[in-house]
Protein chains: 2
Amino acid sequence: MQLMSSEAPDFRLEDFLPYRLSVAANRVSRRFADRYGAAFGLSIPEWRVMAVLGRFGRLPAREIAARTAMDKVKVSRAVRQLQARGFLERAADAADARLHWLALSKAGQGVHAAIVPMAREMEAEVVQGLTTEELAVLNVALGRIAERFPGEGVD
Amino acid sequence: MQLMSSEAPDFRLEDFLPYRLSVAANRVSRRFADRYGAAFGLSIPEWRVMAVLGRFGRLPAREIAARTAMDKVKVSRAVRQLQARGFLERAADAADARLHWLALSKAGQGVHAAIVPMAREMEAEVVQGLTTEELAVLNVALGRIAERFPGEGVD
DNA sequence: TGACATCAGTTGCATTTGAAACTACCTCGG
DNA sequence: CCGAGGTAGTTTCAAATGCAACTGATGTCA
């Protein structure tokens, strides 16, 4: 005699991997967004744009989208915002009038320089309590999962 | 002579754990939402409410919120929707007029019975390509991260 | 060429979200 | 009792999101 009509054992949401993954990721993202919002007035999309431009120098919006796992609409809006704040410079491509190269301005580079150490701190905080091996496995697992579940502009 | 003004090595977004976590989680969630949307017309919040009610029988909204990592607003809206579809029953508490106990209706139980196997399939899909040990480590890591980053209604 | 698919990027619009305000109710100290 | 403060749950409102439609430009293939 059991309450559940099903033959299957109870379904425990708290043990359900997609749920656990979602909760962990969203908590980290929330904290992350709070910190960057407070410190620099940057949203996560804006932060990602700055991050990839800091690394690659100049990219067209399409490339930013590909490298930040965001769709082009989100990139477009983040770029507009960053431009309004003077963190970005935009230059038309000589050969292809559809393309616009985006790069950090001087001011943007300054912000980028401040942003990166804070990111490393946050990462350290996430990683605390994990051994090196656990961290390695976590990274492998996340990579496999992301591969198995492709998506255009996700997040 | 280097391009980066900073002493630190390049910051690689694609290796940044909070980013990787976010991307993996969002891709899974998106697929999950698509499937449940297509199969049952359920959103993730609605799905979560059904899941915990299927397990615990009856709960007040506040408890649903606590057990699904959602805030009370999201729960309120999911409940309204599920009620409109006839999947939920709602009963006022005898002693405390603020409380309303929520439970799956007969129809809701039927849906729940269909929902759970599909969840297990999706979980299996996420887990494919991970060894048992890797899975165990992943779960530990996600638990530690979620602990280290508390949050009221997150996700 | 020139019609047509395709691409970069933006905008419009409907949906989702969440913080804060709000309603209704309960509790507890005096 | 009664009033201050707390809780359950809903509503309001502004912001974030995402799809689809759009603009303008390029590629392509007959």
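Heavy-atom basis, side chains included; hydrogens, waters and symmetry copies ignored. Letters A, B, ... are given to chains in the order of the sequence lines, protein chains preceding strands, and every chain is numbered from 1. Only a predicted model underlies this, so the values are computations on that prediction, with no experimental measurement involved.
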Taking only N/O atoms, report every protein-nucleotides 24-27 of chain D pair under 3.5 Å with atom names and distance.
{"residue": "D/dT26", "atom": "OP1", "partner": "A/Ala97", "partner atom": "N", "Å": "3.3"}
{"residue": "D/dT26", "atom": "O4'", "partner": "A/Arg98", "partner atom": "NE", "Å": "3.4"}

Below 3.5 Å is the cut-off: list the nitrogen or oxygen pairs between protein and nucleotides 21-23 of chain D, distance only.
none

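Side-chain contact between A/Phe149 and B/Glu125: present, with at least one pair of heavy atoms (C-beta onward) separated by less than 4.5 Å. Taking the side chain as every heavy atom from C-beta outward, B/Arg35 and B/Arg31 approach each other to under 4.5 Å. In this structure, the side chains of B/Leu13 and A/Trp47 come closer than 4.5 Å at one or more pairs of heavy atoms. Looking at heavy atoms from C-beta onward, B/Arg77 lies in side-chain contact with B/Val73 at the 4.5 angstrom threshold. Between A/Phe56 and A/Glu63 there is no side-chain heavy-atom pair separated by less than 4.5 Å. Residues B/Leu104 and B/Val111 fail the side-chain proximity criterion, which asks for heavy atoms closer than 4.5 Å. Proximity of A/Leu42 to A/Ile115: side-chain heavy atoms (C-beta onward) are separated by under 4.5 Å at one or more points.
Of the candidates D/dG18, D/dA8, D/dT11, the closest approach to any side-chain atom of B/Arg30 belongs to D/dG18.
Toward the 5′ end of DNA chain C lies the nearest nucleotide of A/Glu63, the other residue of the pair B/Asp71 and A/Glu63 mapping further downstream. Along DNA chain C, the nucleotide nearest A/Ser76 and the nucleotide nearest B/Pro45 are compared for position; the residue whose nucleotide lies closer to the 5' end is A/Ser76.
When rounded to the nearest whole Å, the span between NZ of B/Lys74 and P of D/dA16 equals 16 Å. If you take CZ of A/Arg80 and P of D/dA15, they are 15 Å apart, rounded to a whole angstrom. Here D/dT10 presents its P atom at 12 Å from CG of B/Leu82, a figure rounded to the nearest Å. For the pair B/Ile44 CD1 and D/dG18 P, the computed distance is 13 Å after rounding to whole Å. Atom CZ of B/Arg77 and atom C1' of D/dG9 are 12 Å apart (whole Å). If you measure from atom CG of B/Leu59 to atom C1' of D/dA8, you get 14 Å, rounded to the nearest angstrom.
Rounding to the nearest 0.5 angstrom, the gap separating the OG atom in A/Ser105 from the CZ atom in A/Arg85 is 11.0 Å. In this structure, B/Thr68 OG1 and B/Ile44 CD1 are separated by 12.0 Å, a value rounded to the nearest 0.5 Å.
Between chain B and DNA chain C, the heavy-atom contact criterion of under 4.0 Å yields a 5' to 3' nucleotide range of C/dT17 to C/dC26.
Between B/Asp10 and B/Arg12 there is no salt bridge, since no side-chain nitrogen of the basic residue lies less than 4.0 Å from a carboxylate oxygen of the acidic one.
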Task: side-chain contact (heavy atoms from CB on, under 4.5 Å) between B/Val126 and A/Arg148, worked out - done: CA-CA 7 Å; B/Val126 173; A/Arg148 190 172 308 281; over 6 Å; no
